[in-house]
Every structure is written in C-alpha cells, then in structure tokens.
Protein chains: 2
Amino acid sequence: MKNAQRTKKNATVELQRSVLERLATVFKLLSEPTRLAILHELRNRSQSVGELVATLGTSQANVSKQLRILFDHSILGRKQSGNQVFYEILEPGVFGLCAEVCRLLNRRAENNGHIQYDI
Amino acid sequence: MKNAQRTKKNATVELQRSVLERLATVFKLLSEPTRLAILHELRNRSQSVGELVATLGTSQANVSKQLRILFDHSILGRKQSGNQVFYEILEPGVFGLCAEVCRLLNRRAENNGHIQYDI
DNA sequence: ATTCTAAATAGCTAATTAACCATATACCGT
DNA sequence: ACGGTATATGGTTAATTAGCTATTTAGAAT
C-alpha cells in the first residue's frame with residue numbers, strides 16, 4: 001500500500017498491477033536456462049558472441065537473440081571491438097537473485113535429499 | 001564449478017544445465033503478475049479461493065489454476081475447511097526474492113526517475 | 001573490390017500457457 | 001434426495017517464445 005499512498009486516489013489496483021508486472025518482467029528474464037547460462041558465463045569476464053556460442057550448446061542465432069533480450073533490458077552491455085561484439089554484465093544484482101534461489105532450493109533439499117545448488 | 005566437482009567426471013555440462021533448469025523453474029513461477037498478486041495477498045494471512053477471487057480481478061477458474069501451479073511447486077499449502085479451501089504460504093523465501101527485485105528496480109530508478117517499488 | 005569471418009536478423013515451427021467459458025465435483029444445509 | 005455454494009477441471013483460443021535454418025549486415029584482411 002505504500003506505493004498507492006504516493007499516488008492519486010483510485011489508482012491503487014492499477015499501480016499495484018504495474019508494479020507486479022515490472023517484477024514479473026525481471027523474473028521472466030531469468031526464467032530461461034539459456035539466459036541463465038549466458039549470465040553465468042559472463043559473470044567473471046565479458047565475452048564475445050563467438051566465445052559464448054562455443055561454450056553454450058546452442059546456435060549462434062539463438063545466443064544472439066538471448067543476448068539481445070538481456071541487452072534490451074539493460075542486464076547486459078555490449079562493446080564492439082573490430083569484427084566482434086563483447087557483452088558484459090551491467091546488472092550484477094541478478095547474481096544475488098540466483099544465489100537467493102539457490103539458497104531456497106538448498107533449504108528445500110535439506111528436508112528431502114542432499115544435492116546442493118550453487119551458481 | 002563447485003557442483004561439478006562433487007559429481008563424476010564428464011557430467012559437468014549436464015549437471016549445470018539441470019541446475020540452471022531448476023533455477024529457471026523458480027523464476028518462471030514468479031514471472032506472472034497474477035501469481036505474484038496471489039502471493040502478495042496470502043503474505044499476511046491464508047485465504048480461501050473465494051476471497052482471492054473477490055480481490056484479484058480475474059475468474060475463479062483462473063485463480064484456481066494459478067493456485068494449483070503454486071501448490072504443485074510447494075510454494076503454497078492448502079487446507080480444506082468444509083466447503084472452502086484455504087491456501088497459505090509454504091515458502092516465504094519468495095518474498096525475499098521479490099524484495100530483492102524491488103531493490104534492483106529501485107537502484108535502477110534512482111539513476112533515471114524516482115518511483116519506488118515496494119511489494 | 002572481393003573474400004572471409006562475426007554477429008544480427010528474418011521467417012518458421014513447435015511448445016507453452018494465461019485466461020476464458022462451460023461443466024464437473026464435492027461439501028453443506030434443508 | 002435435493003438445491004446451493006465453493007472449488008476444480010476440461011476444452012478452447014490467442015499470444016508468446018525458444019530454437020532452428022537461411023540470409024543479411026558489417027568489419028578485416030588480402
């Protein structure tokens with residue numbers, strides 16, 4: 001309700017909805033294994049599209065497409081260098097989110113099995 | 001790589017993939033505004049399907065379906081009480097995730113505008 | 001200019017899914 | 001049993017999208 005209070009009356013539901021949509025958008029960005037793999041690959045160093053294609057097990061076109069999605073949402077930045085394009089992490093916060101999901105899954109695994117997640 | 005080291009050789013890529021898929025599954029659960037709205041509603045108290053239908057702006061069938069998805073993934077628990085079914089949060093960790101996304105969006109908003117998110 | 005390489009895009013298909021309507025199931029009160 | 005209410009499910013539609021192949025764009029080197 002804190003948000004709603006900052007807005008004009010009767011906009012409560014709509015505001016919340018738009019906030020929920022923004023949240024959902026971020027979660028959606030991270031809801032594909034290939035995109036998570038890209039982020040994981042770029043965590044320690046920026047890489048060219050070609051390097052990513054070599055590492056991930058999918059086509060150059062697909063890597064390019066997923067990179068674009070992450071770039072369009074400002075999760076990644078790009079730097080052209082001659083023939084190639086290097087992508088880098090612009091929003092390290094995504095790793096905090098991944099870590100938190102890992103913790104959630106691990107808490108759960110403790111109750112059942114024992115596999116530990118760690119991205 | 002820490003995971004891979006705990007497994008037998010040559011299972012590196014597959015393991016990582018399966019971990020990424022589990023992560024992605026959690027993110028996907030939270031990537032729909034309606035499901036986020038349900039979680040938000042249930043945060044402070046468990047509610048019946050009917051109550052949720054009255055609050056959220058969507059059909060009973062849809063609410064029921066989304067509840068089932070969250071229930072199947074053990075995010076929610078259900079308790080039958082006579083005619084009605086009450087759902088409750090089983091995995092409060094989701095709110096930590098939402099809060100972290102809010103912080104991420106707020107950090108971003110500081111650089112541009114000023115709207116503050118708070119779920 | 002032409003060729004080679006890197007990356008992006010267009011067009012396509014198959015799969016997923018949110019939301020709807022209609023119906024079924026299940027519990028309650030009478 | 002029967003009607004009423006609460007929830008779940010079946011079936012459909014429309015929209016989204018990951019991944020593919022083929023093509024295009026653009027820079028580098030000869």
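Below, chain A is the first sequence line, B the second, and so on; all start at residue 1.
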> Any chain of hydrophobic side-chain contacts (each under 4.5 Å) joining Phe71(B) to Val49(B)?
Replying inline: yes
Take atom [atom1] of [X] and atom [atom2] of [N], then tell me their distance rounded to the nearest Å.
X: Leu76(B); N: dA8(D); atom1: CG; atom2: C1'; result: 16 Å
X: Gln84(A); N: dC4(C); atom1: CD; atom2: C1'; result: 14 Å
X: Lys28(B); N: dT17(D); atom1: NZ; atom2: P; result: 10 Å
X: Leu70(B); N: dT17(C); atom1: CG; atom2: C1'; result: 14 Å
X: Arg78(A); N: dA7(C); atom1: CZ; atom2: P; result: 11 Å
X: Tyr87(B); N: dA6(D); atom1: OH; atom2: P; result: 15 Å
X: Lys79(B); N: dA8(D); atom1: NZ; atom2: P; result: 16 Å
X: Ile69(B); N: dT7(D); atom1: CD1; atom2: C1'; result: 16 Å

> Should Arg103(A) and Glu100(A) be marked as a salt bridge (Lys or Arg N to Asp or Glu O under 4.0 Å) after you check the CA-CA gap, both sets of side-chain angles, and the distance that decides it?
Replying inline: CA-CA 5 Å; Arg103(A) 283 192 288 273; Glu100(A) 193 132 341; 3.4 Å; yes
How is [X] classified with respect to the nucleic acid when contacts are heavy atoms under 4.0 Å: base, sugar-phosphate, or nothing?
X: Ser64(A); result: base
X: Leu56(B); result: nothing
X: Leu52(B); result: nothing
X: Phe71(B); result: nothing
X: Phe86(A); result: nothing

>> Quick check for you: to the nearest 0.5 Å, what is the distance between Arg108(A) atom CZ and Ser74(B) atom OG?
In response: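 Those atoms lie 5.5 Å apart.
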> Quick one: side chain to side chain contact (heavy atoms under 4.5 Å, CB included) partners of Val94(A), sequence neighbours excluded?
Replying inline: Leu30(A), Leu39(A), Ile75(A), Glu91(A)
> Listed by chain and number, what are the side chain to side chain contact (heavy atoms under 4.5 Å, CB included) partners of Val101(B), not counting sequence neighbours?
Replying inline: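 Leu23(A), Val26(A), Phe27(A), Leu97(A), Leu105(B).
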>> Protein within reach of the bases, or only the backbone? For nucleotides 21-30 of chain C, mark each nucleotide 5' to 3' as B, S or -, using heavy atoms under 4.0 Å.
In response: BB----BS--
> Any salt bridge (Lys or Arg N to Asp or Glu O under 4.0 Å) pairs touching residues 62-80 of chain B, not counting sequence neighbours?
Replying inline: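 The answer is Arg68(B)-Asp72(B), Lys79(B)-Glu88(B).
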>> Below the 4.0 Å mark, does dT9(D) have OP1 or OP2 next to a side-chain nitrogen or oxygen of Arg68(B)?
In response: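 Yes, Arg68(B) has a side-chain N/O under 4.0 Å of OP1/OP2 on dT9(D).
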>> Let me spell it out: for each of Gly57(A) and Val85(B), pick the nucleotide of DNA chain D with the closest heavy atom. Which residue's pick is nearer the 5' end?
In response: Val85(B)
Under 3.5 Å, which donor-acceptor pairs link side chains of residues 50-59 of chain B to any protein atom two or more places apart or in another chain?
| residue | atom | partner | partner atom | Å |
| --- | --- | --- | --- | --- |
| Glu51(B) | OE1 | Ser48(B) | N | 3.0 |
| Glu51(B) | OE1 | Ser48(B) | OG | 3.4 |
| Glu51(B) | OE2 | Arg45(B) | NH1 | 3.2 |
| Glu51(B) | OE2 | Arg45(B) | NH2 | 3.4 |
| Thr55(B) | OG1 | Glu51(B) | O | 3.0 |
| Thr58(B) | OG1 | Asn62(B) | ND2 | 3.0 |
| Ser59(B) | OG | Asn62(B) | N | 3.1 |

> Checking Thr25(A) side chain against Glu21(A) main chain: does a donor-acceptor pair fall under 3.5 Å?
Replying inline: yes
> Would you find a donor on one side and an acceptor on the other, under 3.5 Å apart, between the side chain of Ser31(A) and the backbone of Lys28(A)?
Replying inline: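 Yes, because the side chain of Ser31(A) sits within donor-acceptor range (under 3.5 Å) of the backbone of Lys28(A).
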>> Suppose we screen for side-chain hydrogen bond (donor to acceptor under 3.5 Å, both in side chains). Which residues come up paired with Gln47(B), at least two apart in sequence or across chains?
In response: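 Gln47(B): side-chain hydrogen bond (donor to acceptor under 3.5 Å, both in side chains) contacts with Glu41(B).
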>> Under 4.0 Å, heavy atom to any atom of DNA chain D: which of residues 30-37 of chain A qualify?
In response: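 Contacting residues: Glu32(A), Thr34(A), Arg35(A).
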